[in-house]
Chemist: 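My questions will all concern the structure given below.
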Amino acid sequence: MLKTHTCGELRLQHAGQRVELAGWVYRRRDQGGIIFLDLRDRWGIAQVVIDESASPEAHDAAGQLRNEYVVHIKGTVRARPEGTANSELSTGEVEVVADEVELLNPSKTPPFYINQETKIDETVRMKYRYLDLRRPRMQDNLVLRHKVVKFIRDFLDERGFIEIETPILFKTTPEGARDFLVPSRMNPGTFYALPQSPQQLKQLLMVAGYEKYFQLARCFRDEDLRGDRQLEFTQLDIEMSFVRREDVMDLIEEMMIQVTEQVAGMTPMFKPFPRITYQEALEKFGSDKPDVRYDLAAVDVTDLAGKSAFPVFVSNAGEGKPIKVLRAPGLAGSLSGTQLRKAAEELETLARSAGAKGLAWMALGEKEQDEVKGPIGKFFTIEQKVELFERTGAQPGDLLLFMSDQREVVYNVIDTLRRHLANQLGYTDPTKIAFAWVIDFPMFYWNEEEQRWDPSQHMFTATLPEDLPLLDTDPGKARGSQYDLSCNGYEVAGGSIRIHNRAIQEKMFPLIGQTMERAREQFGHMLEAFEYGVPPHGGIASGIDRLVMILAGEPNIREVIAFPKTQQGADIMAGAPSEAEPKQLDELSIKVVLPPKDDKKSDV
RNA sequence: GGAGGCGUGGUGUAGUGGUUAACAUAUUGCCCUGUCAAGGCAAAGAUCGCGGGUUCGAGACCCGUCGCCUCCGCCA
């Protein structure tokens with residue numbers, strides 16, 4: 001090794017020791033007769049001092065160094081002189097007096113700062129990702145990611161789980177997203193699908209009797225990217241036999257608490273995690289993955305507002321459309337009439353973008369006796385207002401936002417406004433973390449377009465035992481054994497107890513508009529396997545990228561993935577995706593036919 | 001597929017139709033023995049993403065296009 005120690009480990013106790021360090025020049029401070037180098041490696045930064053009078057050759061070599069040059073030094077550790085310690089640095093009490101400085105490799109001037117946290121255009125960061133990853137922020141993130149993964153592996157190993165790899169080249173899996181296809185050279189005209197999750201395979205491992213399985217599985221979904229979504233991602237995949245819903249939830253809850261506390265050094269705001277039903281989550285937060293770091297829960301006032309004199313509310317209530325209120329604490333505060341209208345208009349624009357037709361509001365003055373402002377105030381009697389304030393907990397200076405529409409629209413508007421208000425009010429502190437379980441999902445959503453039921457998770461999800469009869473009478477009311485774990489407004493895990501009974505499994509296919517023939521073609525191996533002694537089983541899957549993103553306090557998933565893709569699914573550094581060689585296509589019996597371009601111009 | 005934002009020296013930004021395109025920082029050179037976002041002096045560095053158009057005149061206005069980001073659709 002070219003190093004006896006890492007740059008980050010040197011402490012007072014090393015004083016007097018002769019050491020070798022190697023790393024990158026993080027900063028150089030040339031004082032003339034004395035040169036300071038901040039030498040960086042993955043473990044930290046150490047100050048190296050080169051004194052001209054003591055080591056002229058080393059001083060000369062150090063004078064040639066520039067940022068990001070790779071160097072190897074030999075020297076002696078000593079306590080820094082009185083008054084020159086740097087408390088910002090973990091190695092700040094010591095320095096290495098170098099007598100040999102060897103340049104291992106020079107570097108071009110990097111296109112952006114490695115040694116400063118400034119905003120850099122993501123295009124540039126992606127093009128030079130290997131330099132971006134040199135930055136302490138990215139190194140911290142990837143180290144955290146490693147620790148999370150390592151912790152999880154150990155945690156599950158201690159509890160009798162074994163990790164089993166499942167294939168990447170497989171067959172379409174029933175997750176509902178678009179598949180990535182891989183052509184088979186040996187079987188012209190046929191394709192593998194990359195797994196969207198190892199769902200089927202892990203269930204088959206339960207049939208095989210492994211009982212406790214996990215895998216850090218790479219999964220692929222060919223859908224548009226988002227700040228919290230990539231084409232490929234890593235999923236902690238777990239499946240267990242002979243378990244009930246609570247067994248899986250308890251295991252994950254314990255694991256998440258320990259990871260948060262022991263690896264990320266944070267404490268979940270709620271222990272145990274609150275359990276919210278799907279219905280309650282929608283009614284209060286408008287979302288099945290609510291951010292419960294803050295309250296801001298919507299209040300139903302359909303009965304009350306329906307009796308007001310506001311025509312829209314009266315008619316909506318009559319049609320069974322809900323009327324809900326979101327209270328924005330202190331938001332009306334000291335605003336003037338004009339400012340208030342402007343603020344309300346901005347919120348209305350946002351509400352419209354979420355599907356609302358409008359947004360009614362009421363502002364409470366700062367003092368108790370102040371008049372209630374807002375266009376709909378006059379439609380409510382004094383008594384109605386008093387009750388309204390009581391129910392919503394409204395305080396002087398609050399802004400009340402009213403939503404009324406089709407139920408789904410109202411949910412969407414609540415979710416949008418709630419997230420927006422939380423940001424505006426400073427409730428979204430990334431150093432806080434709050435998990436919440438969402439349970440009792442409906443088994444199916446009605447697909448109006450196709451006139452059929454779509455499974456809300458996937459077709460292997462078991463129905464809650466008490467709701468089993470509903471499958472025959474009223475499938476829309478049947479609740480599944482599904483459980484999702486939300487964290488700071490993101491879904492970080494989701495799973496269910498599975499169907500282990502072939503008769504019930506077969507009942508699912510017609511319900512979701514699939515013929516038995518088609519089901520056998522796609523899932524025949526599953527149905528057949530289910531005839532050979534399937535244990536009751538269930539499991540869960542957790543998006544590791546997303547979890548690490550939250551634990552790292554990062555605003556998007558790319559910050560915790562070494563080589564992520566852009567929103568267009570491109571790798572700017574390598575230039576992927578790219579065209580294939582004709583020879584490759586020939587071997588695969590594939591012909592590329594691009595859609596015609598530029599219809600507008602050819603018309604002219 | 002759609003909506004919005006952004007694109008100006010290496011990087012981050014300013015730029016109100018007429019400026020020698022400004023500032024900070026980085027870079028290069030010189031000076032400097034206790035700095036740590038070191039400091040001082042000096043220099044170099046931009047076809048303003050690309051292509052059209054409007055105008056006497058465009059970094060700015062218009063149209064198109066490309067790229068990046070956020071969001072909707074999609075995806076749990």
Side-chain angles (χ1 to χ4, degrees), chain A residues 26-39 45-54 59 63 66-68 80-89 91-92 95 97 108-128 131 175-179 196-197 219-231 233 235 278 287-289 349-350 352-355 412 415-416 419-420 438 441 445 454-458 461 482-486 490-496 541-543 546 555-556 558 565-568 570 572 597-598 600-601:
Chain A
Y26 193 59
R27 285 199 184 90
R28 183 182 61 116
R29 292 179 293 280
D30 189 342
Q31 302 277 115
I34 185 168
I35 295 172
F36 296 97
L37 294 178
D38 284 347
L39 195 63
I45 291 166
Q47 173 164 286
V48 178
V49 195
I50 306 102
D51 190 322
E52 185 174 27
S53 56
H59 181 272
R66 295 294 180 269
N67 282 349
E68 299 308 314
R80 292 200 190 183
E82 190 74 33
T84 62
N86 182 351
S87 57
E88 301 285 301
L89 221 53
T91 60
E95 60 192 9
V97 184
K108 285 169 72 173
T109 302
F112 48 80
Y113 305 105
I114 308 297
N115 56 16
Q116 275 182 43
E117 268 310 321
T118 51
K119 267 187 211 161
I120 313 159
D121 188 81
E122 280 216 47
T123 320
V124 183
R125 290 181 59 195
M126 293 306 169
K127 183 172 176 193
Y128 299 97
L131 295 180
E175 296 292 314
R178 195 176 288 117
D179 283 322
Q196 296 180 30
S197 97
C219 303
F220 305 83
R221 293 179 189 175
D222 188 6
E223 297 292 346
D224 286 2
L225 295 84
R226 284 282 196 288
D228 65 344
R229 244 159 59 192
Q230 285 271 313
L231 298 178
F233 57 99
Q235 181 171 296
Y278 174 83
S287 167
D288 61 1
K289 41 178 192 290
T349 305
L350 192 67
R352 284 180 192 276
S353 75
N412 199 25
D415 185 32
T416 304
R419 286 173 194 267
H420 174 83
V438 178
F441 280 72
Y445 299 125
D454 280 345
S456 74
Q457 195 195 22
H458 51 64
T461 300
Q482 185 186 343
Y483 31 84
D484 276 13
L485 185 64
S486 85
Y490 295 97
E491 188 199 321
V492 294
S496 64
S542 172
R546 234 178 245 176
N556 75 67
R558 297 182 298 280
K565 307 247 185 320
T566 70
Q567 204 163 54
Q568 295 306 308
I572 296 179
K597 257 183 164 180
D598 290 333
K600 300 164 217 161
K601 277 181 189 165

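In the text below, chain A, chain B and the rest are named by the order of the sequence lines, each starting its count at 1.
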Chemist: How do I572(A) and S53(A) order along RNA chain B: which one's closest nucleotide is nearer the 5' end?
Modeler: S53(A)

Chemist: Return the orientation label for the Y128(A) and F112(A) ring planes: parallel under 30°, perpendicular over 60°, tilted otherwise.
Modeler: perpendicular

Chemist: Describe the nucleic acid contact of G227(A) in one word from base, sugar-phosphate, nothing, applying a heavy-atom distance below 4.0 Å.
Modeler: sugar-phosphate

Chemist: Using the side-chain heavy atoms of T84(A), tell me which of these nucleotides is nearest: rU27(B), rU70(B), rG34(B).
Modeler: rG34(B)

Chemist: Whole-Å distance between rG12(B) C1' and Q116(A) CD?
Modeler: 10 Å

Chemist: Which heavy atom of G227(A) sits nearest a heavy atom of R558(A), and at what distance?
Modeler: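 The answer is CA-NH1, 4.4 Å.
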
Chemist: Expressed in angstrom and rounded to an integer, what is the separation of D30(A) atom CG from rG29(B) atom C1'?
Modeler: 12 Å

Chemist: Give a yes/no answer on whether the side chain of T566(A) brings an N or O atom under 4.0 Å of OP1 or OP2 in rC68(B).
Modeler: yes

Chemist: Can you see if the side chain of R125(A) gets near the phosphate of rG67(B) - specifically, an N or O under 4.0 Å from OP1 or OP2?
Modeler: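 Looking at the OP1 and OP2 atoms of rG67(B), neither is under 4.0 Å from any side-chain N or O of R125(A).
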
Chemist: With respect to the phosphate group of rC74(B), does any side-chain polar atom (N or O) of R221(A) fall under 4.0 Å of OP1 or OP2?
Modeler: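 So the side chain of R221(A) is outside the cut-off, no N or O lying under 4.0 Å from OP1 or OP2 of rC74(B).
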
Chemist: Give me the atom names and distance for the closest heavy-atom approach of S287(A) to K289(A).
Modeler: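 Nearest pair, atom of S287(A) first, then K289(A): OG-N, 2.9 Å.
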
Chemist: What integer distance in Å separates K565(A):NZ from rC69(B):P?
Modeler: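 My rounded result for the distance is 13 Å.
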
Chemist: If we take the C1' atom in both rG2(B) and rC61(B), what is their distance in whole Å?
Modeler: 26 Å

Chemist: Considering every strand and a 4.0 Å limit on heavy-atom distances, what is the contact class for Q235(A): base, sugar-phosphate, or nothing?
Modeler: nothing

Chemist: Across all strands shown, which nucleotide pairs with rU16(B) by Watson-Crick or G-U wobble geometry, both distances under 3.5 Å?
Modeler: none

Chemist: Is the phosphate of rC72(B), meaning OP1 or OP2, less than 4.0 Å from a side-chain N or O of R352(A)?
Modeler: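 Indeed not, no polar side-chain atom of R352(A) lies that close.
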
Chemist: Where the side chain of S456(A) is defined as all heavy atoms beyond and including C-beta, which of rA76(B), rU27(B), rG34(B) is the nearest nucleotide?
Modeler: rA76(B)

Chemist: Give none if rG45(B) has no partner; otherwise give the nucleotide forming a Watson-Crick or G-U wobble pair with it, both distances under 3.5 Å.
Modeler: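 Partner of rG45(B): none found under 3.5 Å.
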
Chemist: Taking OP1 and OP2 of rA26(B), is either one under 4.0 Å from a side-chain nitrogen or oxygen of N115(A)?
Modeler: no

Chemist: Answer yes or no: is there a side-chain heavy-atom contact under 4.5 Å between E122(A) and N556(A)?
Modeler: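 They are in contact (side-chain heavy atoms under 4.5 Å apart), so the answer is yes.
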
Chemist: If you check every side-chain atom of A570(A), which of rC68(B), rA76(B), rU28(B) has the closest atom?
Modeler: rC68(B)

Chemist: Determine whether any donor atom in the side chain of Q567(A) lies under 3.5 Å from an acceptor atom in the base of rG67(B), or the reverse, and answer yes or no.
Modeler: no

Chemist: Distance between the C1' atoms of rG17(B) and rG53(B), in whole angstroms?
Modeler: 15 Å

Chemist: Under 4.0 Å, heavy atoms only, any strand: does E52(A) hit a base, just the sugar-phosphate, or nothing?
Modeler: nothing

Chemist: Within the 4.0 Å heavy-atom criterion, would you say S353(A) contacts the bases, only the backbone, or no part of the nucleic acid?
Modeler: nothing

Chemist: Quiz question: by atom type and distance under 3.5 Å, do the side chains of T461(A) and Q482(A) form a donor-acceptor pair?
Modeler: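 The answer is no; no qualifying pair exists.
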
Chemist: For the C1' atoms, the ones on rG57(B) and on rA43(B), what distance do you get once it is rounded to whole angstrom?
Modeler: 33 Å

Chemist: Over all strands shown, is P81(A) touching base, sugar-phosphate only, or nothing at heavy-atom distances under 4.0 angstrom?
Modeler: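 The residue P81(A) makes base contact.
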
Chemist: Between L350(A) (CG) and rU70(B) (P), how many Å, whole number?
Modeler: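 One finds 17 Å between P of rU70(B) and CG of L350(A), rounded.
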
Chemist: Is the base of rU25(B) touched by the side chain of T118(A) through a donor-acceptor pair closer than 3.5 angstrom?
Modeler: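 No pair found.
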
Chemist: Please report the closest heavy-atom contact between Q196(A) and R221(A), naming both atoms and the distance.
Modeler: O-NH2, 3.0 Å

Chemist: For the pair made of NZ in K119(A) and C1' in rC68(B), what is the distance, rounded to whole Å?
Modeler: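 The answer, rounded to whole Å, is 14 Å.
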
Chemist: Of all the heavy-atom pairs spanning P111(A) and L131(A), show the shortest one and how long it is.
Modeler: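 Looking at all heavy atoms of both residues, the closest pair is CD-CD1, 3.4 Å.
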
Chemist: Nearest of rA76(B), rU27(B), rG10(B) to any side-chain atom of P111(A)?
Modeler: rG10(B)

Chemist: Would one find a side-chain N or O of R29(A) under 4.0 angstrom from OP1 or OP2 of rU35(B)?
Modeler: no

Chemist: Within the structure shown, what part of the strands sits under 4.0 Å from R226(A) by heavy-atom distance: base, sugar-phosphate, or nothing?
Modeler: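 Contact class for R226(A): base.
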
Chemist: Quick one: the side chain of N86(A) and the base of rC36(B), do they pair up donor-acceptor inside 3.5 Å?
Modeler: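 Indeed there is one.
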
Chemist: What is the distance from CZ of R229(A) to P of rC71(B), rounded to the nearest Å?
Modeler: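 R229(A) atom CZ is separated from rC71(B) atom P by 9 Å.
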
Chemist: May I ask you to say what L89(A) touches in the nucleic acid, namely base, sugar-phosphate or nothing, with a heavy-atom cut-off under 4.0 Å?
Modeler: nothing

Chemist: Side-chain N or O of R27(A) less than 4.0 angstrom from OP1 or OP2 on rA38(B)?
Modeler: yes

Chemist: Check every atom of rA76(B), rC36(B), rU11(B) against the side chain of Q196(A) and return the nucleotide holding the closest atom.
Modeler: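 Of the options given, the side chain of Q196(A) lies nearest rA76(B).
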
Chemist: I need the minimum non-hydrogen distance between R80(A) and N86(A), along with the two atoms involved.
Modeler: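 Heavy atoms only, the tightest pair is NH1-CB, 3.6 Å.
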
Chemist: I'd like the C1' distance from rU13(B) over to rA21(B), given in whole Å.
Modeler: 14 Å

Chemist: Work out how far the P atom of rG29(B) is from that of rG12(B), and round it to whole angstrom.
Modeler: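 Their P atoms lie roughly 25 Å apart.
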
Chemist: Say we look at rC68(B) and rG73(B): how far apart would their P atoms be, to the nearest angstrom?
Modeler: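 Roughly 22 Å separates the two P atoms.
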
Chemist: For atom P, what is the distance between rG49(B) and rG39(B), given to the nearest Å?
Modeler: 31 Å

Chemist: Does Y113(A) contact rG10(B) through a side-chain donor or acceptor facing the base, at a distance under 3.5 Å?
Modeler: yes

Chemist: Are rU35(B) and F36(A) stacked, with the base six-membered ring and the side-chain ring centres under 5.5 Å apart and planes under 30°?
Modeler: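 Check passed, F36(A) stacks on base of rU35(B).
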
Chemist: Map V124(A) and Q47(A) onto RNA chain B by nearest heavy atom, then report which one ends up closer to the 5' terminus.
Modeler: V124(A)

Chemist: For rA76(B), does the base pair up with any side-chain atom of Y445(A) as donor and acceptor (N or O, under 3.5 Å, distance only)?
Modeler: yes

Chemist: Give Q31(A) one of three labels, base, sugar-phosphate or nothing, depending on what nucleic acid heavy atoms sit under 4.0 Å from its own.
Modeler: base

Chemist: Need one value for R28(A): base, sugar-phosphate or nothing, where a base atom within 4.0 Å counts as base even if backbone is also close, heavy atoms only.
Modeler: nothing

Chemist: Without decimals, in angstroms, what is the distance between D224(A) CG and rC68(B) P?
Modeler: 13 Å

Chemist: Could you state the CZ-C1' distance from R178(A) to rC75(B), rounded to the nearest angstrom?
Modeler: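 R178(A) atom CZ is separated from rC75(B) atom C1' by 9 Å.
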
Chemist: Hey, is the main chain of A354(A) close enough, under 3.5 Å, to the side chain of N412(A) for a donor-acceptor pair?
Modeler: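 Such a contact is found between N412(A) side chain and A354(A) backbone.
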
